[in-house]
Amino acid sequence: MSGMGGMNLAALLPELILALAAVGALLLGSWTPRHRQGRVRLLVIAALLTALAVTVASAATATGSASGGYTVDTATHAVRALVIAGVLATVLLAADSLASHPRESEFHVLLLLGGLGAVALAGASDLLVLAVAYLLASIPLYALVGFAKDASGTEAALKFYLLGVLAGILLLTGATLLLGAGSTTAYAGLAAALPEAPRALVAAGTVAVLAGLLFKAGGVPLHFWVPDVTEGAPAPVAAFVTTVPKLGALAALYRLGDQVMSGAALDWTLLAALLAAASMTLGNLGAFFQTNARRLLAYSTVSQVGYLLMAVAAVGGRAELAQPGLLFYLGAYLAANLGAFAVVCTLRTRTLEDHAGLFRSHPWLALSLVVCLLGLVGTPPTAVFVGKLALFTAALEAGLGWLMVLAAANTVASLFYYLRWILPLFQVTGKGKGPADEPGPWSTGVAVTAAIVSLGAGVAAGPALGLL
């Protein structure tokens, strides 16, 4: 079994900052009066900005393996930056609703740990590290989903936990089977050993590991938790759970396919392509007639996983745009999804009807929501359009023309349910938004910023793809 020697702590500085920030926030929150928990939020924001700066500096200087079981490369750097940005956005989203909450510090600690787990998933190059990262990316989220201690949140947390435990057991079982097939848990050793291993054993182990990672990504067939958790959890938590864990899970899936399974006696390309087709199609079908805004976004995120899995399927075809397209798409999805959730957070809305006439009362929020929803469709010039175009090209290069056609058809079909949300925004008469008195300033800022980033990244896609 692979060792974990040769640890380079300097290469792991962003992860160390996140871990230390979680410990610091917990200690500071323990010694801070309940009505002054806001200082914990300031500490977390400072730590996240520091970790982001270190990540950018590290990516600009050098890349390399940090240890035998953890790889620091372009994908790790990109996911680090995106996860940190996602956690920071979630902290700001929660500032409006959780300010002066007696357990605000615990909320931030759980966010930091969940984000750290997502980063660890992206960098794992050993099945044991992958399993530990899965647990770190899962356990804090179970507590976050039930953070409000209400009936819907508790039910969602229980469903999330039970399915997560099942997926974790499957992942560990798969790691055990692959260890038996390849006599190692390191990706490099497995890549050399699996082509000669029994095909049935490799197939069983791979499918089980895939199940665990698909649970974290929210992809078919382990997507059943997504609608219930998105509807039942607090809105900032729903935004986090449907966005940040996907970054690490999809990067982990890509790394597993690229470094281990592309040469194994298993048709990885076909398996990943079928999962992509099922996710994008079933996610769209589930979203078509939703009237609850959160459940619509939940099924939308399932369909987005299908598009992102196209990059994982293209690994076997050695498509040049697969990895940069995946990383760019992840960033584009992060901005669009968090922007849409930010509008839901700031207005505290539930149904699509609650947004009727929003342009009259809050034009900037309405325009931001339009940009983010059209971004999720993949409408030019938003960033998701460029990401989808890159992944469509990668699928075609990998000989998956049928998957590209299916993805294009699903993209056109998805426009229907997004328009059901967009068109009422511009109604002259309508009920409008009633539950909230005034939009929260932090959530509004996140919504507008996300819309600007979605458009700006689409315009500047060429240099960004070049860096990736």
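Treat the numbers as computed from the prediction; the structure is a model and nothing was measured. FYI, side chains are in, hydrogens and waters are out, and symmetry mates aren't considered; it's all heavy atoms of this structure.
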Going by heavy atoms in the side chains, are [X] and [Y] under 4.5 Å from each other?
X    : Y    : answer
K159 : V229 : no
Q427 : R360 : no
I84  : T55  : yes
P221 : L275 : yes
T346 : W442 : no
L326 : L308 : yes
S105 : L26  : no
M280 : M310 : yes

Quick check for you: to the nearest 0.5 Å, what is the distance between [X] atom [atom1] and [Y] atom [atom2]?
X    : Y    : atom1 : atom2 : answer
L52  : L88  : CG    : CG    : 8.0 Å
H362 : H355 : NE2   : NE2   : 11.0 Å
L296 : F289 : CG    : CZ    : 12.0 Å
S414 : L285 : OG    : CG    : 11.5 Å
S368 : W364 : OG    : CH2   : 7.5 Å
L297 : L376 : CG    : CG    : 7.0 Å

Keeping the roles fixed (side chain from [X], backbone from [Y]), state whether a donor-acceptor pair exists under 3.5 Å.
X    : Y    : result
R39  : L28  : no
T382 : G378 : no
K246 : L330 : no
D96  : S443 : yes
D354 : T351 : yes
T243 : F240 : no
R294 : G232 : no
R80  : V54  : no
T444 : G440 : yes

Closest contact, heavy atoms only, [X] versus [Y]:
X    : Y    : value
L110 : A143 : CD1-CB, 3.7 Å
L365 : A447 : CD2-CB, 4.1 Å
L121 : A133 : N-CB, 3.6 Å
T230 : A238 : O-CB, 3.5 Å
T71  : T76  : O-OG1, 2.8 Å
L214 : L253 : CD2-CD1, 4.4 Å

| field | Parallel, tilted or perpendicular, as decided by the 30° and 60° cut-offs, for the rings of Y417 and F288 | value |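 It falls in the perpendicular class, over 60°.
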| task | Determine the interplanar angle of the Y161 and Y142 rings, folded into 0 to 90°, and report it as parallel if under 30°, tilted if 30 to 60°, perpendicular if over 60°. | result |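 Y161 and Y142: perpendicular rings.
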| message | Does this structure show an ion pair linking E231 with R350, if we count only N-O contacts that are shorter than 4.0 Å? | response | no
| query | Using the benzene-type ring in the case of Trp, are the ring centres of F224 and F215 under 6.0 Å apart? | reply | no
| side chain to side chain contact (heavy atoms under 4.5 Å, CB included) between R103 and L98, intermediate numbers included | CA-CA 9 Å; R103 294 188 295 124; L98 288 179; over 6 Å; no
| task | Could you check Y418 against L374 for side chain to side chain contact (heavy atoms under 4.5 Å, CB included), going step by step and ending with a plain yes or no? | result | CA-CA 7 Å; Y418 288 117; L374 290 180; 5.8 Å; no
| message | Ignoring hydrogens and geometry beyond distance, is a side-chain donor-acceptor pair present between T242 and N337 at under 3.5 Å? | response | yes
| Exercise: do S279 and H223 side chains pair donor with acceptor under 3.5 Å |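 There is no such pair between these side chains.
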| remark: The side chain to side chain contact (heavy atoms under 4.5 Å, CB included) partners of A124 (sequence neighbours excluded) come to V129, L130
| Under 6.0 Å from the CH2 atom of W402, do we count more than 12 heavy atoms belonging to anything else shown? |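 Check passes, neighbour count above 12.
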| request: Output all residues satisfying salt bridge (charged side-chain N to carboxylate O under 4.0 Å, His left out) with E106, sequence neighbours left out; order by chain, then residue number. | output: none
| field | side chain to side chain contact (heavy atoms under 4.5 Å, CB included) evaluation trace for F107 with V91 | value | CA-CA 9 Å; F107 178 85; V91 170; 5.9 Å; no
| query | Can you list the steps and then say if T269 with V315 is a side chain to side chain contact (heavy atoms under 4.5 Å, CB included)? | reply | CA-CA 7 Å; T269 297; V315 167; over 6 Å; no
